[in-house]
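Comments concern the structure below.
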There are 4 protein chains.
Amino acid sequence: MKLGVKARVEDAALVERRRRQVVNAAIATFGKRGYHASTVRDIAKQAGVSVGLIYRYFGDKEDVLFLAIVDVLDSYRRRIPAGTAGITDPLERLRAAVHAYCSVIDANVDATVLAYRETKSLRKARRNVIKQKEAETNALLARYVEDCIAAGIFDKRLDVALFVYQIVMFAHAWALKAWHFRPRMSVDEYVARGLELILNPPLGVSRLRRPASAWRRTRGRRGRSP
Amino acid sequence: MKLGVKARVEDAALVERRRRQVVNAAIATFGKRGYHASTVRDIAKQAGVSVGLIYRYFGDKEDVLFLAIVDVLDSYRRRIPAGTAGITDPLERLRAAVHAYCSVIDANVDATVLAYRETKSLRKARRNVIKQKEAETNALLARYVEDCIAAGIFDKRLDVALFVYQIVMFAHAWALKAWHFRPRMSVDEYVARGLELILNPPLGVSRLRRPASAWRRTRGRRGRSP
Amino acid sequence: MKLGVKARVEDAALVERRRRQVVNAAIATFGKRGYHASTVRDIAKQAGVSVGLIYRYFGDKEDVLFLAIVDVLDSYRRRIPAGTAGITDPLERLRAAVHAYCSVIDANVDATVLAYRETKSLRKARRNVIKQKEAETNALLARYVEDCIAAGIFDKRLDVALFVYQIVMFAHAWALKAWHFRPRMSVDEYVARGLELILNPPLGVSRLRRPASAWRRTRGRRGRSP
Amino acid sequence: MKLGVKARVEDAALVERRRRQVVNAAIATFGKRGYHASTVRDIAKQAGVSVGLIYRYFGDKEDVLFLAIVDVLDSYRRRIPAGTAGITDPLERLRAAVHAYCSVIDANVDATVLAYRETKSLRKARRNVIKQKEAETNALLARYVEDCIAAGIFDKRLDVALFVYQIVMFAHAWALKAWHFRPRMSVDEYVARGLELILNPPLGVSRLRRPASAWRRTRGRRGRSP
DNA sequence: CATGAATGAGGATTCATTCAT
DNA sequence: CATGAATGAATCCTCATTCAT
């Protein structure tokens, strides 16, 4: 009864296996044609099972979408730490994390776009689960960023929350704007050029302390005295 | 027969008026419930017209979606220049453009998300029109960025293409992640904090470190020493 | 929105007409094959309309069943008074009522059986409406019976409630056991023989007053002198 | 291969036992939710066996319904004689039979209603078996009635066939109109009051009036002259 | 030009039945 | 003999689209 989705089959291992089988097919199908345009029959065919089987492992079509999206988000949370394993230098670790993030997305462009397009097709409670999953991934990145701050690599006044979102959007953009980027460069190049743009400012550049009220407008030339 | 959508009614002015009426209703309806979950009846009711009428001004439901998305994208292209009118300082103009962009999006969060979610529901030819519209908006921003470079405010080696996309994603994020940002800050604060993050690097900060294997063409140390 | 069933069409007269058309078809179809075994398509075909149309005048298949059963019961309540119009002699009026009741049932055997079989397929609230309708018909008969008592034709100690149910069951039996009776006699004969059985005792035969508690058991010899 | 229902299991005693187990579950389940609304899984669960097992002892779902209804009718035929055992007075025996009949029905209201509702769901040949069973029960009662006539308790011109049906309908009404009667009286009271109504005429009461056109063979004035 | 009643193809879902273990 | 996972035909219902008024 994982995440509120209940199966009509007991054997937990079988449920796990069948659900993976169907979810993979669903990601492929939804990813290609979208949720509403995909029929349950399409998914069944793609998964090589009968329509009936799907309904023995999922309550309804929305359940399939839900677990598909959860699966995508979980793969981020699993692979980002995997991609940074063993790296101790905080900045290199952050770079590696971004690279890992973009790589998973690159391997799952359709799935990522799916998560964006169709989360709204879920009922509220489930949208919240999705947001929670996303928050967890963001927390991973936030940790790496904070490590950089702690190590003195990034300025301590860095706007961490927004910075993390900048990274997230950068990674997601590889999927959301794949039609633009993919014909023009590899993920690796994308990451390299993107990090260049994103990282330089935090990189030890001192930020003038600014009064809290001073958001917006006039920002004087700055920093980095020689 | 604007953009390949043809009406069964002659009077051009009427066509224009009716289409606007329907498109506005469609943006509201699609934005709230999504394209597939919205019925043509929903749109008709929202627009205060009959279902039949819609089919006299649009070929089918997809036509409505198409013109709705086009309308959204056009509003960006119209309002960004409007928001920068009269500003001569290149950097301030860019800032103003970003602010304008985020403001339009703020005023049309649902519509923006709609464009993201449902562009894939259009047939290929029309998706390309949408991409073209988006490219035009991007070109607008690129122009402002290049003005900054020309004015010596940004380093001439700035990765303009990616930088523009960074801005675009930043603006879109306000809609795509509205559930996160909106409860936490105003658009104005969002723009101020975001520009802080985004603009600093192009603002001529020397880059201290480069990845061992420098992606892409060599980039010399740079610029803009005081 | 008669009886909680709502149409998606405004024109009340049209709703009335279409519903009658569909209900008639439904009574025929349900009556022949039963509710569950009849498909909405069957009903549509029988009514000479499209499936879609049915759903514009009824919320779902159960609504059709409901209005079909209501229609049957209403026809009883309408035709029994019609069959007794002008008859002033209380006993003759009761006889006429029974005859009318059995005649309507004879004209609608399938529909009557339908009401018996499928009322349980309705949700509780609607079952109660049905019961109410039935009670109204019973009240009609009860009135006629009481008139006979008032006229001194029936003994005033007659168990009216049960007597009415006896009549009701007698009438319904013509439908419920149609397979038995119909090959053996006409409704007219059925009514005549039945009334013979049913009416004789109340017909002025004095009933020994019996203590209220004496229900059941020992009933002294009566009538029937040795 | 009882009554044309064949098992895929040899052991006759086992077949008997399993079928009883399943039939009991089926009566409970069908009785509660009706035949069509009950799934084979429901029955299996209620019986504490697997779905597969049911198909080893019954050909299909209809077989289960058939044997369930047969079982109900058989219980009538078994318990009516049981309820009259040892009673020699013909009238008392008839009274006892009616009481026994109503008591079995009271103990199986759902099952009785089931037989009414769902007999039509059986194919013709089986409906005939059911009718035959019912006829056998009726024959039982007819015998008791005729004994009363033979004993001179009932008039010999009594319309036996219809009189028996009157009794049958009276008994069935306790189930068919249970929602009405059960809250108002006990079975015992029901039987007592009902017999009062039913028996009086056969008990040799003179018939005062006859319809102008006397249906059926002439019936002379009888018994009990004033 | 505007309306909205009517259509019916298409899709989600259920459940009787089979069969490998 | 017993199980229950798997199947897919069958059904309800929706909704884009048409067309007579």
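In what follows, chains carry the letters A, B, and so on, assigned in the order in which the sequence lines appear, proteins first and then strands, with residues in each chain numbered from 1.
- Salt-bridge check for B:Arg126 with B:Asp63: passed, with a basic side-chain N closer than 4.0 Å to an acidic carboxylate O.
- Listed by first residue number, the stems of DNA chain F with at least three Watson-Crick or G-U pairs below 3.5 Å are E:2-21 with F:2-21.
- For A:Tyr57 against A:Arg19, the heavy-atom pair with the smallest separation is O-NE, 2.9 Å.
- Summarising the geometry, the separation between CZ on D:Arg56 and P on F:dC1 is reported as 6 Å, rounded to the nearest angstrom.
- The interatomic distance linking D:Arg8 (CZ) with E:dA20 (P) rounds to 14 Å, in whole Å.
- The nearest heavy atom of DNA chain E to B:Leu53 and to D:Asp60 marks one nucleotide each, and the one closer to the 5' end goes with B:Leu53.
- Phosphate contact (OP1/OP2 of F:dT14, side-chain N/O of C:Tyr55, threshold under 4.0 Å): absent.
- C:Thr39 and C:Arg33 share no side-chain donor-acceptor pair at under 3.5 Å.
- Between D:Tyr57 and F:dA2 there is a side-chain polar atom (N or O) within less than 4.0 angstrom of OP1 or OP2.
- As a whole-Å value, the separation of B:Arg18 CZ from E:dT3 P is 6 Å.
- Every residue two or more places apart in sequence or in another chain that forms a side chain to side chain contact (heavy atoms under 4.5 Å, CB included) with D:Leu114 is listed here: D:Phe30, D:Leu65, D:Glu118.
- No donor-acceptor pair closer than 3.5 Å links the side chain of A:Thr119 to the backbone N or O of A:Tyr116.
- Formation of a donor-acceptor pair under 3.5 Å by the D:Glu62 side chain with backbone atoms of D:Leu122 is not found in this model.
- For A:Ser50, whose side chain is taken as the heavy atoms from C-beta onward, the closest listed nucleotide among F:dA6, E:dT3, E:dG8 is F:dA6.
- Atom CZ in B:Phe58 sits roughly 15 Å away from atom P in F:dA16 (whole-Å rounding).
- Atom CG in C:Asp11 sits about 7 Å away from atom P in E:dA5, given to the nearest Å.
- At whole-Å resolution of the value, CD1 in A:Ile54 and C1' in E:dA12 are 11 Å apart.
- Counting non-hydrogen atoms under 4.0 angstrom, D:Val51 reaches a base of the nucleic acid.
- D:Glu10 comes within 4.0 angstrom of the backbone, heavy atoms only, and of no base.
- C:Lys32 has no carboxylate O lying under 4.0 Å from a charged side-chain N of C:Asp110, or vice versa, which leaves the two without a salt bridge.
- Nearest-nucleotide mapping onto DNA chain E: of B:Gly48 and C:Val49, the residue sitting toward the 5' end is B:Gly48.
- Side chains of C:Arg117 and C:Thr112: a donor-acceptor N/O pair is absent below 3.5 angstrom, by distance only.
- If you take CG of C:Leu14 and P of F:dT21, they are 14 Å apart, rounded to a whole angstrom.
- Relative to the ring axis of C:Phe58, C:Lys6 does not place its NZ or CZ within 45° and under 6.0 Å from the centre.
- Listed by residue number, B:Ser38, B:Thr39, B:Val40 are the residues of residues 27-44 of chain B with a heavy-atom contact under 4.0 Å to DNA chain F.
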